[in-house]
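Every chain is numbered from 1, with letters handed out A, B, ... down the list of sequences.
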2 protein chains.
Amino acid sequence: MIDIAIFDEHKLVLEGVSGLLSGIADFRVVLACDNRHVLTEKLKSIQIHVLILNMHDISVRNLNLIVQLNISSPKLKILIVSVIDSEEIVLKTIKAGAKGFLGKDSDRDSLMEAIYTLRNGHDYYSKSITHLLLNRYISSIKADELSQNADIANLSSRQIEILKLWGESHTNQEIADRFFISVRTVESHKNHIMQKLNLKSTVDMVKFAIKNNIIEI
Amino acid sequence: MIDIAIFDEHKLVLEGVSGLLSGIADFRVVLACDNRHVLTEKLKSIQIHVLILNMHDISVRNLNLIVQLNISSPKLKILIVSVIDSEEIVLKTIKAGAKGFLGKDSDRDSLMEAIYTLRNGHDYYSKSITHLLLNRYISSIKADELSQNADIANLSSRQIEILKLWGESHTNQEIADRFFISVRTVESHKNHIMQKLNLKSTVDMVKFAIKNNIIEI
DNA sequence: ATTGAATTTACGTGTTTTACGTAAAGGAAA
DNA sequence: TTTCCTTTACGTAAAACACGTAAATTCAAT
């Protein structure tokens with residue numbers, strides 16, 4: 001038996017979803033609520049497994065609600081339901097601590113699936129959301145690859161060696177010792193790197209090294 | 001009609017997949033090949049829509065093949081089939097330029113679906129792969145959020161202001177001018193930041209600022 | 001084979017930044 | 001009130017940076 005709470009500021013939707021779930025043997029809708037204050041108060045006293053939260057907008061108010069609930073009820077799994085399945089809203093709610101997101105493509109079956117999944121301690125994202133996130137991720141991977149080998153190819157292997165060590169917080173002296181060269185030479189290499197890449201400061205050089213996977217953050 | 005090439009170093013598998021596809025009206029298996037050299041040579045003369053590539057391992061040889069084919073035949077869509085659905089192999093092949101990946105959960109239907117999807121110019125990843133990537137992405141999003149507000153809370157707002165400007169490649173003098181304070185004071189602030197966060201070098205300070213979203217890379 | 005370009009090495013000189021210590025004024029908290 | 005932190009700032013020495021110059025070497029190209 002899974003105990004469920006539903007929150008939606010629109011009474012009609014609230015009743016609809018509530019009715020949808022009440023017919024299922026495994027589920028018990030313990031709380032159906034359209035008032036933010038009532039919701040947080042009630043949740044202090046009763047134990048709920050899954051909270052279904054309908055997000056009409058990504059206001060700070062709404063995001064804060066998620067954050068707050070996660071703090072006050074760490075075991076509670078929050079499932080977001082929203083017709084606005086923009087990247088922004090999905091990412092923000094996930095960051096705020098939601099464990100699942102149902103986009104507008106979701107039906108009764110996926111709602112049930114989501115509730116079971118969350119109850120079992122896993123995350124659930126509906127198909128449209130999965131697509132959204134995946135595309136974003138894939139393109140970030142690809143962008144990653146493109147940014148790589150762009151300017152870095154212009155650096156000599158020696159220059160990269162030195163940039164790498166320096167980017168790992170070694171001093172010029174340490175680098176000089178490791179390569180048996182003079183500190184002045186290390187400085188020269190760094191100067192050449194900066195000139196070649198048109199960097200204005202060493203801060204930029206750190207960023208370059210990170211961007212091009214020469215060093216880890 | 002979609003023209004397909006299949007490459008697999010195991011003859012048996014090659015024949016199996018080849019037979020699987022030849023029964024479908026929409027598909028034409030133009031080339032079924034178990035030799036790398038023959039594959040690249042033949043692809044120079046014939047136009048193929050989708051190449052099905054069975055990856056038995058993530059050797060540099062295999063990844064290079066993908067890269068090379070993408071250069072020589074930019075229109076060709078490469079679909080990876082592999083029983084090894086580790087994150088590493090998936091990410092590497094995507095980076096190398098593969099447009100789709102079928103994990104071990106894939107059947108004939110998903111193969112067909114993948115081919116159609118690639119032909120239409122979109123990427124395709126089978127369910128297990130989708131899960132794999134999504135989990136990775138989600139956890140990276142969450143890690144992002146966790147790393148934030150960790151140490152940063154210990155810094156005063158003034159210290160953050162100065163770290164931010166410095167992290168945007170401004171000189172101490174510029175920062176001093178902006179806040180109407182002495183350069184020495186700017187230095188002091190930076191010293192205090194380094195002490196407080198136990199950082200060994202300014203390189204570390206850049207990394208800290210990036211990690212904590214004080215500056216962008 | 002020779003030229004030309006880039007790399008690697010290194011120094012000079014002056015400026016800026018960092019390291020480490022000290023310190024005073026002001027505010028918040030205990 | 002005392003204590004702790006912040007913000008301000010200086011002294012001094014060492015390290016790093018900016019900018020220029022330059023020689024030996026390497027490597028690609030003609």
Side-chain angles (χ1 to χ4, degrees), chain A residues 148-217, chain B residues 71 148-215 217:
Chain A
Q148 227 179 96
N149 305 350
D151 301 290
I152 196 180
N154 297 324
L155 292 185
S156 72
S157 54
R158 190 58 145 185
Q159 286 165 348
I160 293 176
E161 276 182 318
I162 281 167
L163 179 53
K164 184 177 164 65
L165 279 178
W166 178 78
E168 284 162 357
S169 314
H170 296 284
T171 62
N172 289 348
Q173 187 62 62
E174 285 170 346
I175 299 168
D177 291 344
R178 181 150 330 177
F179 292 130
F180 305 105
I181 56 179
S182 137
V183 177
R184 311 304 308 279
T185 308
V186 177
E187 287 172 8
S188 276
H189 282 301
K190 280 158 69 185
N191 282 336
H192 292 152
I193 293 169
M194 306 251 300
Q195 275 169 29
K196 207 184 264 189
L197 301 173
N198 215 273
L199 304 176
K200 277 151 224 71
S201 70
T202 53
V203 170
D204 288 338
M205 195 152 53
V206 180
K207 294 178 187 172
F208 173 87
I210 293 170
K211 260 191 262 178
N212 290 82
N213 289 349
I214 295 170
I215 56 169
E216 301 270 315
I217 299 187
Chain B
I71 294 168
Q148 226 177 99
N149 304 351
D151 300 291
I152 196 180
N154 297 323
L155 292 184
S156 71
S157 53
R158 188 59 144 186
Q159 286 164 348
I160 293 176
E161 276 182 319
I162 282 167
L163 178 53
K164 184 177 165 63
L165 279 178
W166 178 79
E168 284 163 355
S169 313
H170 296 284
T171 63
N172 289 349
Q173 187 61 62
E174 285 170 346
I175 299 169
D177 291 345
R178 181 149 331 177
F179 292 130
F180 304 106
I181 56 178
S182 138
V183 176
R184 311 304 307 280
T185 307
V186 177
E187 288 169 8
S188 278
H189 282 300
K190 281 158 68 185
N191 283 334
H192 293 153
I193 293 170
M194 306 252 298
Q195 275 170 29
K196 206 183 264 188
L197 301 173
N198 214 271
L199 304 175
K200 276 152 225 72
S201 69
T202 53
V203 171
D204 288 337
M205 195 152 54
V206 180
K207 293 178 186 172
F208 173 87
I210 293 169
K211 260 191 259 177
N212 290 84
N213 289 349
I214 295 169
I215 56 169
I217 298 186

Fill in: Sidechain N-carboxylate O distance under 4.0 Å for A:Arg184, A:Glu187
yes
Item to complete: State plainly whether the residues A:Glu174 and A:Arg178 are in salt-bridge range, i.e. N to O under 4.0 Å.
Response: no
How close or far is atom [atom2] of [N] from atom [atom1] of [X], stated in whole angstroms?
| X | N | atom1 | atom2 | answer |
| --- | --- | --- | --- | --- |
| A:Lys190 | C:dT8 | NZ | C1' | 16 Å |
| B:Arg158 | C:dA25 | CZ | P | 19 Å |
| B:Met205 | C:dT17 | CE | P | 12 Å |
| A:Gln159 | C:dT9 | CD | C1' | 12 Å |
| B:Ile160 | D:dC5 | CD1 | P | 17 Å |
| B:Asn198 | C:dC20 | CG | C1' | 15 Å |
| B:Ile162 | C:dT17 | CD1 | P | 13 Å |
| A:Glu187 | C:dG12 | CD | C1' | 11 Å |

Taking side chain as C-beta onward, heavy atoms only, is [X] less than 4.5 Å from [Y]?
| X | Y | result |
| --- | --- | --- |
| A:Lys207 | A:Leu199 | no |
| A:Phe179 | A:Val186 | no |
| B:Ile181 | B:Arg158 | yes |

Name the closest nucleotide to the [X] side chain, picking from [options].
| X | options | answer |
| --- | --- | --- |
| A:Ile181 | D:dA9, D:dT7, C:dT9 | C:dT9 |
| A:Arg184 | C:dT8, C:dT17, C:dG12 | C:dG12 |
| B:Ser182 | D:dA18, C:dT18, D:dC10 | D:dC10 |

Please state whether the phosphate of [N], meaning OP1 or OP2, lies under 4.0 angstrom from any side-chain nitrogen or oxygen of [X].
| X | N | value |
| --- | --- | --- |
| A:Asn172 | D:dC17 | yes |
| B:Thr202 | D:dA16 | no |
| A:Thr185 | C:dT9 | no |
| A:His189 | C:dT9 | yes |

Discussion item. Under 4.0 Å, heavy atoms only, any strand: does A:Gln195 hit a base, just the sugar-phosphate, or nothing?
Written reply: nothing
Worksheet item: What nucleic acid atoms does B:Ser201 come within less than 4.0 Å of, heavy atoms only: base, sugar-phosphate, or nothing?
Response: nothing
Discussion item. Heavy-atom nearest nucleotide on DNA chain D for A:Val183 versus B:Phe179: which residue maps closer to 5'?
Written reply: B:Phe179
Fill in: Closest-nucleotide ordering on DNA chain D, the 5'-leading residue of B:Lys196 and A:Met194
B:Lys196
Worksheet item: Does B:Ser188 make a side-chain donor-acceptor contact with the base of D:dA9, cut-off 3.5 Å?
Response: yes
